[in-house]
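Data first, discussion second: the structure below is written as structure tokens.
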Amino acid sequence: MFVLAPLENLFRPRFRKEDLSLGKKLGEGAFGTVYKASLTNKQLLKKDGPLVVKKANEYGAVEAWMNERVRRACRKSCADFVHGFLDDTSSKGKEEFWLLWRYEGKATLADLMANKDFPYNVEELILGPGKGDDLPRGPERQNRILRTILRQILSALAQLHSTGIVHRDVKPQNIIYSEDTKSFKIIDLGAAADLRVGINYIPKEFLLDPRYSAPEQYIMSTQTPSAPPPIIAAALSPVLWQMNLPDRFDIYSLGLIFLQMAFPNLRNDSGLISFNRQLKRRDYDMVQWRNLVEAKQSQDIRQGFEILDMDGGVGWELLKDMVRFKGRKRISANAALAHPYFVRAGLFGLSGMQKLRLSLMRSSEQENEGVDWVTSLMAKSGTESVGGFTEAQLQNMREKEPRRKGSIQRNAMAQALKLQRKAAQTIAATVDDIQKGEVGKRVNWWNRWQN
Ligand SMILES: Nc1ncnc2c1ncn2[C@@H]1O[C@H](COP(=O)(O)OP(=O)(O)OP(=O)(O)O)[C@@H](O)[C@H]1O
């Protein structure tokens with residue numbers, strides 16, 4: 001940040017108000033007004049195409065800073081930021097900060113969820129028209145779509161979090177479908193906090209959307225003092241981060257989105273608000289909430305649980321791990337990506353039950369099947385990392401660890417499936433351990449896994 005940011009600014013094009021022609025208004029929030037726009041001076045950008053301009057108030061500079069940081073550290077997770085500049089031509093006292101992004105597309109997840117055809121309308125966007133027809137319409141196909149959406153948002157969040165940024169305003173309105181990458185990206189870093197350098201970190205002041213915010217009032221304990229100067233904050237932040245796990249704030253919000261995707265009756269505001277009230281009254285116990293609503297026998301509720309209960313209820317398990325009262329007990333974005341809900345998904349989605357059986361039997365005949373098996377899952381599902389480990393890292397561990405003797409009982413399908421689930425859980429737990437700084441546990445993890 002200290003070295004690259006100033007350098008980068010030397011080489012990036014500079015924009016002025018006159019270079020832009022504003023079009024349709026896209027939104028108006030507490031921090032500014034957003035327009036679709038085009039460039040009058042086409043030479044400024046190599047790649048032509050529509051842009052989005054936010055005319056922001058005094059918070060604009062912070063939002064620009066946050067966007068630049070994201071562009072350097074994890075650009076694929078958020079809307080493509082172009083530039084931010086202060087408009088000093090406007091009258092004094094009314095300074096405006098202008099922020100520019102590439103126009104990602106017309107639909108946010110909120111727009112898509114409001115459509116009666118959700119989630120099939122998203123399937124078409126991600127796969128192309130007619131491509132999901134290998135399955136009949138029903139819970140299995142819906143589950144496949146929900147899983148893809150959730151995985152895309154979780155990956156984006158995992159990247160933000162590993163950069164030290166907590167978004168604090170995760171909601172369907174702030175998740176946009178990018179027509180270019182054909183996937184979901186996060187927008188609106190206006191309320192985000194960069195805990196590594198203390199930017200926008202004000203423990204006593206927050207501007208959160210109550211519909212989606214986690215029960216904790218502050219993302220950092222109120223006993224944590226206000227942010228010190230950036231360099232000191234950067235040095236201290238890993239400690240504060242581990243103490244408070246502020247990233248879990250976003251996970252709770254995403255859990256609520258998962259819930260809304262599964263239950264049609266919770267997609268509108270009044271549904272969500274009454275869910276929040278019911279959950280609070282039951283001390284944030286999802287099982288109690290389930291008992292309450294299941295008794296009501298509604299079609300929407302039945303449909304939601306049918307999805308979450310598939311594959312032994314892995315969806316429901318993940319949801320419960322995301323929507324928990326205590327931040328510390330909530331799953332992290334990385335661990336969630338290694339959850340069986342996703343680990344099994346790649347296989348089911350891509351090769352079907354038959355091939356899964358075959359590959360499990362085949363892999364159970366090999367030595368070292370633990371690693372081989374996980375890496376083959378990764379290859380099949382197109383996953384680049386499991387629980388934060390790349391394929392190369394996993395293979396490397398395999399080389400250095402004693403070889404496993406014997407093998408899983410042949411043809412023991414049930415056992416293999418159990419192991420698969422267990423392995424994913426162990427990876428998730430291990431990622432948590434590592435995140436807690438106990439790197440030495442990695443070796444224990446290997447032993448646990450072998451056992
Ligand atoms: N990169 C983008 N591409 C396409 N549309 C965008 C982009 N960024 C923002 N929008 C549209 O503009 C709207 C407002 O954007 P954003 O949420 O950043 O502004 P905001 O002023 O903070 O609004 P709010 O306070 O309501 O969240 C979004 O809901 C989205 O429809």
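Counting starts at 1 for both ligands and their atoms, in listed order. Note: hydrogens, waters and symmetry copies are ignored here, and every other heavy atom, side chains too, is used.
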Whether K54 lies under 4.0 Å from ligand 1, heavy atom
yes
When you measure from the centre of the six-membered ring of Y120, is the NZ or CZ of R137 closer than 6.0 Å and no more than 45° off the axis?
yes
List ligand 1 atoms under 4.0 Å from W101, heavy atoms only on the residue side.
1 (N)
Can you find a non-hydrogen atom of G32 under 4.0 Å from ligand 1?
yes
Looking at W289, is R281 sitting on its ring face, NZ or CZ under 6.0 Å from the six-membered ring centre and within 45 degrees of the normal?
no
Going by an N to O cut-off under 4.0 Å, is there a salt bridge joining D285 and R282?
no
For atom 31 (O) of ligand 1, what's the nearest protein heavy atom and its distance?
T108 CG2, 3.8 Å
For ligand 1, indicate whether the residue R102 contacts it via side chain, backbone, both or neither (heavy-atom separation under 4.0 Å).
backbone
To which protein heavy atom is atom 27 (O) of ligand 1 closest, and what is the distance rounded to 0.1 Å?
D188 OD2, 2.9 Å
Tell me: protein heavy atom nearest atom 15 (O) of ligand 1, and distance?
V34 CG2, 3.6 Å
With sequence neighbours excluded, residues passing ring pair (Phe, Tyr, Trp, His ring centres under 6.0 Å) with F15:
H83
Contact partition for Y103 relative to ligand 1, non-hydrogen atoms under 4.0 Å
both
Taking only non-hydrogen atoms of G105 and a 4.0 Å limit, the atoms of ligand 1 in range are 4 (C), 5 (N)
A79 neighbourhood, listing ligand 1 atoms whose heavy-atom distance to it stays under 4.0 Å:
1 (N)
For atom 25 (O) of ligand 1, find the nearest protein heavy atom and state the residue, atom name and distance (0.1 Å precision).
G29 CA, 3.3 Å
Electrostatic pair D133-R141, nearest N-O below 4.0 angstrom
yes
What is the closest protein heavy atom to atom 9 (C) of ligand 1, and at what distance does it sit?
I187 CD1, 3.8 Å
Specify whether Y284 and F325 have parallel, tilted or perpendicular ring planes, treating 30° as the upper limit for parallel and 60° as the lower limit for perpendicular.
tilted
heavy-atom search around atom 13 (C) of ligand 1 in the protein gives L26 O, 4.1 Å
Have a look at ligand 1 and work out which part of I176, if any, has a heavy atom under 4.0 Å from it: side chain, backbone, both or neither.
side chain
Of the backbone atoms (N, CA, C, O) and the side-chain heavy atoms from C-beta on, which set of K106 has a member under 4.0 Å from an atom of ligand 1: side chain, backbone, both, or neither?
neither
Indicate the ring-plane relationship of F258 and Y341, choosing parallel, tilted or perpendicular according to the 30° and 60° boundaries.
tilted
Hey, is the main chain of I187 close enough, under 3.5 Å, to the side chain of E104 for a donor-acceptor pair?
no
Mode of N174 contact toward ligand 1 - side chain, backbone, both, neither (heavy atoms, under 4.0 Å):
side chain
Assess whether a salt bridge exists between D80 and R75, defined as any Lys/Arg side-chain N lying under 4.0 Å from an Asp/Glu carboxylate O.
yes
Could you check whether D321 pairs with R330 (Lys NZ or Arg NE/NH1/NH2 to Asp/Glu carboxylate O, under 4.0 Å)?
no
Quick test: of every protein heavy atom, which one is nearest to atom 2 (C) of ligand 1, and how far off is it to 0.1 Å?
V52 CG2, 3.6 Å
Shortest heavy-atom approach to atom 3 (N) of ligand 1 - which of E104, K171, Q173, E179
E104
When you measure from the centre of the six-membered ring of Y103, is the NZ or CZ of K36 closer than 6.0 Å and no more than 45° off the axis?
yes
